[in-house]
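To keep things clear, I will list the structure first and then write my remarks on it.
Computed from a predicted model, the values in this text were never measured in an experiment. Throughout, protein chains are lettered first and strands after them, A, B, ... in sequence-line order, and every chain is numbered starting at 1.
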There are 2 protein chains.
Amino acid sequence: MTIRDVARASGVHVSTVSRTFSAPHLVNAETRARVLAVAEELGYRPNRAARALTTGRTHNIGLIVADIANPFFPPLIKAAQSSARERDYHLFVADTDEDPAVEEELVLAFSKQVDGVILCSPRLSNKALDKLAERVPFVLVNRRLRGVATVLMDVAQGARSAVEHLAALGHRRVALVSGPAGSWTSGEIKQAAAEVPGVELVVIGPNAPTEQAGIRAAAAVAEAGVTGVLAYNDLVAIGLIEGLAERGVSVPEDVSVVGIDDIVPGRLNRPKLTTVAMPTADAGRLAVELLIQSVTASTTLETKLVVRESTAPPKGLT
Amino acid sequence: MTIRDVARASGVHVSTVSRTFSAPHLVNAETRARVLAVAEELGYRPNRAARALTTGRTHNIGLIVADIANPFFPPLIKAAQSSARERDYHLFVADTDEDPAVEEELVLAFSKQVDGVILCSPRLSNKALDKLAERVPFVLVNRRLRGVATVLMDVAQGARSAVEHLAALGHRRVALVSGPAGSWTSGEIKQAAAEVPGVELVVIGPNAPTEQAGIRAAAAVAEAGVTGVLAYNDLVAIGLIEGLAERGVSVPEDVSVVGIDDIVPGRLNRPKLTTVAMPTADAGRLAVELLIQSVTASTTLETKLVVRESTAPPKGLT
DNA sequence: AACCCTAGCGCAACCGGTTGCAATGAAATA
DNA sequence: TATTTCATTGCAACCGGTTGCGCTAGGGTT
């Protein structure tokens, strides 16, 4: 079913059919109705790839994340997909397996096929990103880069309010179970957490951003003489809680634990995790929005502390 | 950067450049090397959309799931993406929000832009699916349909071994917290669970496939006089465990609980959930494979019981 | 009555590739 | 030496749309 079939069947030129779909006001109402009827009848749909060839707009967006199966990303992907679809865009999704080389390759591979790419927490160097920015518009999520549209989530503020929450409960010595060595996010967290007055911060790490790492970190936490912990993310926090339980220290009775991200497993965990909720869905929506409108803006989304069951006043104060 | 730029810069005709990329054996090694060098230099990459126009192969695949954020799907999406990429395919991902109309619209919207569509647990009627099958090749996951490639996961067998596991532990009266009313899967589970000799099955439901539904079902389970439970899925199982805890009945001491799916939150839950692992990653990989090879086959993947901490012998037998 | 506008539509070139066919020339065969 | 064969490359049509331009005819102006 091509545009020519429809043209033939409705007795008009292909250009008229084309305009019926892409510039309806340029064609007589009567003709338009007839063409639409015939198109419907034949089950015709414009071929978007062909259209892209002349218009230069594919109506596709590429979304690149480190790991689709990491519970942090699906809400972002879902939101991005949904707002893309609302505006008649389709979404390519790809997974880099945490490999910067794959990341670069993906952007390049997508470049001709999309109107823009959303890169989440890219591992690429600034220079590499600048290079890529010449080839395809993109927006960065969780990474700041001069001259490129960015959507940030304010982890720093989140980390600060997490530690403040612990301080308010009466904790005076708090551990930070930090993230991977090179991580920008981990740096932000550390800096913000250290700023909170009235609490002494013990940094434990670096650690991999996994449950296993959390379990392993439990030993160090138990020996650090702290009553509260801020973990790099929820996965680590959950692992930590498990590791602590194995050593007979219970949360939140003996130690309070705060995570970051607010992923689903944390909400289902027992005790339910107190955590810093990241507005991932908003970030996904916004990234799509920025891309489609092609505005180069740097946005920071607020994070929010969600107090659940893994934090309580320290023992002495109960 | 188009093929003509490369042709000009390397002093050959566009067709030679084209062949350099899509049929290298047809061009002299020396010429090929020169063209490749120039292409590299210019950063040229063939435009896949343009290529698709003549070849009819887009090298794109559409993946449609009910809910991207449902922990069941991400591993499938990830695996599909990864095997697609291995074969130089790109993956569109879309979310139907559980709406059959959206599902149909998506397939249609994708049809011209992909070589095939993977439909996971479609809600569409057989007739509607048959209709769609005329327009675009697809493979169904978790749904059987004559004449269409399908990838099934053997829930029936899984449910059976779950109940057998409970029976082997000594449970004689087991509740099935069933799924939504119309669900094919729920029917399969019920039938298979009922077949296991030596255990009396109490069906509780229908229920929504959510944690909340599990919490609500706890009352009925507590009153059913059972020592073991098979839940429609892990989410329900987790909710159930929480609901039971609220009533003072603990898992697995008082009641054993088995879930289905093996999603991440279940693995992190405490107690760690005994569950029927669905080979979602395999399903994703296989679906891509079938699509690319365009083989119309019906495959059934085995499920596997994973015994963790939420099951134990009933109280009297300990 | 001569003239201008405009709505509606057709014409044809073009987007960036692919591919069947023909032309070329060198190597191989008779 | 004449004739094939084959590897290599160019030519041009084509994939399915879009769009600037030009033509036509009906309506409005003066």
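A salt bridge links A:Arg45 with B:Glu105; the closest basic N to acidic carboxylate O contact falls under 4.0 Å. Under a 4.0 Å N-O distance rule, the pair A:Arg285/A:Asp282 qualifies as a salt bridge. The residues B:Asp130 and B:Lys127 are annotated as not salt-bridged, no charged nitrogen and carboxylate oxygen being separated by less than 4.0 angstrom.
Whole-Å rounding puts the B:Met1 CE to C:dC15 P distance at 14 Å. Counting to the nearest Å, the P atom of C:dG16 and the NE2 atom of B:His59 are 21 Å from each other. Look at CG on A:Asp5: it is 9 Å from P on D:dG17, rounded to the nearest Å. Nucleotide C:dG8 holds its P atom 9 Å from the CZ atom of A:Arg32, rounded to whole Å. Between the NZ atom of B:Lys112 and the C1' atom of D:dG16 there is a distance of 10 Å, rounded to whole Å. Counting to the nearest Å, the C1' atom of C:dA13 and the NE2 atom of A:His13 are 12 Å from each other. If you measure from atom CG of A:Asn47 to atom C1' of D:dC14, you get 14 Å, rounded to the nearest angstrom. Between B:Leu26 atom CG and C:dT24 atom P there is a gap of 20 Å when expressed in whole angstrom units.
Ranking C:dT19, D:dG16, D:dT9 by closeness to the B:Ser15 side chain, first place goes to C:dT19. When distances are taken from the side chain of B:Asn28 to each of D:dT18, D:dT9, C:dT18, the shortest belongs to D:dT9. For A:Thr16, the listed nucleotide lying nearest its side chain is C:dG10; candidates were C:dG10, D:dC14, D:dG16. Across C:dT19, C:dG16, C:dG10, the shortest atom-to-atom separation from the side chain of B:Leu53 is found for C:dG16. Of the candidates C:dT18, D:dC15, D:dT18, C:dT18 carries the atom nearest the B:Arg51 side chain, counting heavy atoms from C-beta on.
Between B:Thr54 and C:dT19 there is no side-chain polar atom (N or O) within less than 4.0 angstrom of OP1 or OP2.
Residue B:Ser18 is in base contact, counting any heavy-atom pair closer than 4.0 Å across all strands shown.
Two residues, B:Ala52 and A:Val14, neighbour DNA chain C, and the one matched to the more 5' nucleotide by heavy-atom proximity is A:Val14. Residues B:Thr31 and A:Val17 each lie close to DNA chain D; by heavy-atom proximity, the contact nearer the 5' end of the strand is made by B:Thr31. Taking for each of B:Val27 and B:Ala50 the nucleotide of DNA chain D with the nearest heavy atom, the 5'-most of the two is the partner of B:Val27.
Side chains of B:Asp154 and B:Thr303: no donor on one and acceptor on the other come within 3.5 Å.
Residue side chain B:Arg19 reaches the base of D:dG10 through a donor-acceptor N/O pair under 3.5 Å, judged by distance alone. For C:dG16, the base has a donor-acceptor partner in the side chain of B:Arg4 [N/O atoms by modelled type, under 3.5 angstrom].
Ring geometry, B:Phe92 versus B:Phe110: the interplanar angle falls under 30°, so the pair is classed parallel (tilted spans 30 to 60°).
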